[in-house]
K.L.:
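Here's a structure for you.
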Amino acid sequence: MENLLCEKGEMIEQTLLLDDSETQKGGFRTLPFILGSAALTNAATSALTPNMILYLMNEYHIDMTTGSNIIYMWSAVTNIAPVVGAFMADSFVGRFQMIGLGSVVTLVGMFLFWLTSVIPQARPPPCVNSNNICRSAEMFQLFFLCFSLGIVAIGAGAVKSSFLAFGSDQLKREVYQDNTRLMERYFSWYYASYALSIVVALTCLVYIQVNMGWALGFGAPVLLMLFSTLLIYLGTPFYVKLKPKSSLITGLFQVIVASYRNRCLKLLSRSEGIQYHQKKGPTVVLPSEKLRFLNKACIVQDPRLVLSPDGEAIDPWRLCTVDQVEELKALLKVVPIWLTGVVLSINISQNTFPVLQANTMDRHIGSSFEIPAASFGIFAVISAILWIVLYDYLILPIASKLTGKPAHFSTKERMGFGLFLSFLSVLVVAVVEGVRRSIAIKEGYSDDPEGVIPMSAMWLLPQNSLTGFAEALHAIGQNEFYILEFPRSMSSVAASLLGVGMGVGSLLASSIMSTIDDLTKRGGEESWVSSNINKGHYDYYYLVLAGFSLVNILCYIVCSKAYGPCKEEVMEEEKP
């Protein structure tokens, strides 16, 4: 869901060049192919995650901690891969080629993963129920499983890095003709199709997995991915395909390398008499005094040796423009605030235990229909969408009436409130789990982690709702914060930062779970994160996460004050 909320930041700055031969192509006729393919891809890939922990534990006989770590690593690759994909698409391959190649790779990965559900030799034999003897998965079986998931993550990352940008490329001519409403409509359609695909994945596809078996449940996403791949290629004759050019990410690395290579240069206290390399244009910009050691990257020592006749740097890895230096400074300045968002990503990445928890509770609606345990994540998605609507159409209008002037909550305020709601969400999980565990033990289910206790799964709605609200508040606020604080040329970095933050959060979540597992099972004690959730203490585990979240809120307050007023706060103060 966070990817959905942050992708719009990628679209503010054009990063490719238009080929004149493409000017008669594009337009709205291409959008059914692009939006349809994007929705099918999202539905197919999103359908694999919800029940994954049940599949790993029941079919591969993997314990809770190991299964969670596999999912955490998979999630990390899935979130970081789009950053690499965007760099490759912008600099070398092109967006259409990246989408096409990524779609094929994703299809191959999903087909290989589907084979694990239909070929008995691809997974361990079933447990012997009479003796409860389960054979562990062999090395090749685990390798084949992880390899297929890795291929899916890499392919999906390549595809998702370019879909939104590729669609906007098709409308550039119309936008230049002063009809920006077309772009707004495209964004709305894209987000609507994305949200619909997530809903389909968490309801229909999860239901098929639970009620019709793994083979059919994982086969359906393969078919959706096949249709997605065919659909994106069917529109080939109509697409505008832009030429790749240098990527902003490359420019950031160039500043780091150039400042290191020029480390022996001495910086004067003032900028008078120093020539700085400027990008083409009439405006002359001087570097700021913060992080001054980076200014060495843009100092022109001898124009005859470092500049070409047209004023460009002969070696861009030794001499950069002032704008490039300031872009890197802007990025480094927000790192402390970005790190506080990583802790929130740790909480959001807790997708395995909630499924096991819901699996032991009464999930019936009426006498016949039972909600799949993995479908409860839909309530977080609904809550996020609900918050967006309520914020714009209810909260702000009411606040404006009460204050007598247009109300506005700053990006830093929204990020902070999102962190607080995330803290509340894991605290609620701990409390609900404590109650659930007590009932399970009282009912005699200590040795039966799959036994259904007389407790309604509707008790899980508050924690899912708080998670959705927290994710919506923080993701939107963080994305807007980056867009406002960064130079316009860095707008695409906003979504990249959020994606990397989610990936790092998944890696840290894996490390935290493994550490708690090692510490709590010493001396023969039952691990807090045991595969038997009735013997484990997931309430304690979530209290640890709540403690991290509370400390993180305090760190955010310190970092926010140290950052100083952001640009939107300065603009608010300047208003009459």
Side-chain angles (χ1 to χ4, degrees), residues 2-3 5-13 15 79-80 82-83 86-87 247-256 259 285 287-295 297 320 322-346 348 409-420 422 470-505 507-508 551-572:
E2 192 163 340
N3 291 327
L5 300 172
C6 73
E7 278 185 316
K8 190 172 181 178
E10 297 181 358
M11 298 294 85
I12 294 182
E13 187 65 24
T15 56
N79 285 302
I80 295 175
V83 180
F87 170 72
S247 170
L248 173 65
I249 298 177
T250 304
L252 297 178
F253 282 110
Q254 287 174 340
V255 174
I256 296 174
S259 60
V285 182
S288 63
E289 291 300 306
K290 294 182 178 179
L291 301 173
R292 294 182 71 237
F293 65 94
L294 293 175
N295 295 349
C320 303
V322 175
D323 294 272
Q324 286 178 286
V325 172
E326 291 305 306
E327 287 166 355
L328 181 59
K329 288 182 179 180
L331 179 61
L332 294 176
K333 186 179 179 182
V334 303
V335 166
I337 290 180
W338 172 79
L339 287 173
T340 62
V342 171
V343 177
L344 180 139
S345 296
I346 294 175
I348 293 175
F409 297 97
S410 71
T411 54
K412 290 200 290 187
E413 289 172 341
R414 280 178 279 157
M415 285 190 289
F417 191 43
L419 294 177
F420 177 70
S422 178
E471 190 173 352
L473 267 167
H474 192 270
I476 295 176
Q478 193 176 20
N479 191 45
E480 291 183 12
F481 173 74
Y482 295 146
I483 291 173
L484 290 171
E485 293 300 297
F486 289 168
R488 287 197 62 189
S489 57
M490 295 184 65
S491 299
S492 60
V493 175
S496 299
L497 281 177
L498 289 168
V500 172
M502 293 169 65
V504 174
L507 294 176
L508 290 177
V551 173
N552 185 57
I553 292 173
L554 299 177
C555 291
Y556 174 79
I557 294 173
V558 173
C559 292
S560 180
K561 289 185 176 180
Y563 187 90
C566 56
K567 291 181 180 178
E568 66 170 333
E569 292 172 340
V570 173
M571 289 187 292
E572 285 292 325

K.L.:
Could you go through the side chain to side chain contact (heavy atoms under 4.5 Å, CB included) check for Thr411 and Tyr482 one step at a time?
P.N.:
CA-CA 9 Å; Thr411 54; Tyr482 295 146; over 6 Å; no

K.L.:
Under 3.5 Å, side-chain donor or acceptor atoms of residues 552-559 against the rest of the protein: list the pairs with distances, not counting sequence neighbours.
P.N.:
residue : atom : partner : partner atom : Å
Asn552  : ND2  : Thr340  : O            : 2.9
Tyr556  : OH   : Lys412  : O            : 2.5

K.L.:
Which heavy atom of Arg292 sits nearest to which heavy atom of Glu289, and what is that distance?
P.N.:
CG-O, 2.5 Å

K.L.:
Can you tell me if Arg414 uses its side chain to pair, donor with acceptor, with the backbone of Ile476 under 3.5 Å?
P.N.:
no

K.L.:
Tell me, do Ile348 and Met502 make a side-chain contact under 4.5 Å, heavy atoms counted?
P.N.:
no

K.L.:
Given the side-chain rings of Tyr563 and Phe481, with only the six-membered ring counted for Trp, is the space between their centroids under 6.0 Å?
P.N.:
yes

K.L.:
I need the Leu419 CG to His474 NE2 distance, nearest 0.5 Å.
P.N.:
4.0 Å

K.L.:
What distance separates Ser422 OG from Glu471 CD, expressed to the nearest 0.5 Å?
P.N.:
9.5 Å

K.L.:
Keeping Ser259 on the side-chain end and Val255 on the backbone end, is there a donor-acceptor pair under 3.5 Å?
P.N.:
yes

K.L.:
Work out which heavy atom in Ile80 is nearest to a heavy atom in Gly503; give both atom names and the distance.
P.N.:
CG1-CA, 4.0 Å

K.L.:
Ala470 and Gly418: which non-hydrogen atoms are nearest, and at how many Å?
P.N.:
CB-O, 3.3 Å

K.L.:
For residues 328-339, tabulate all N or O donor-acceptor pairs below 3.5 Å that involve a side-chain atom, not counting sequence neighbours.
P.N.:
residue : atom : partner : partner atom : Å
Lys329  : NZ   : Ser288  : O            : 2.8
Lys329  : NZ   : Ser288  : OG           : 3.2
Lys329  : NZ   : Lys290  : O            : 2.8
Lys329  : NZ   : Asn295  : OD1          : 2.6
Lys329  : NZ   : Glu326  : OE2          : 3.4
Trp338  : NE1  : Leu497  : O            : 2.8

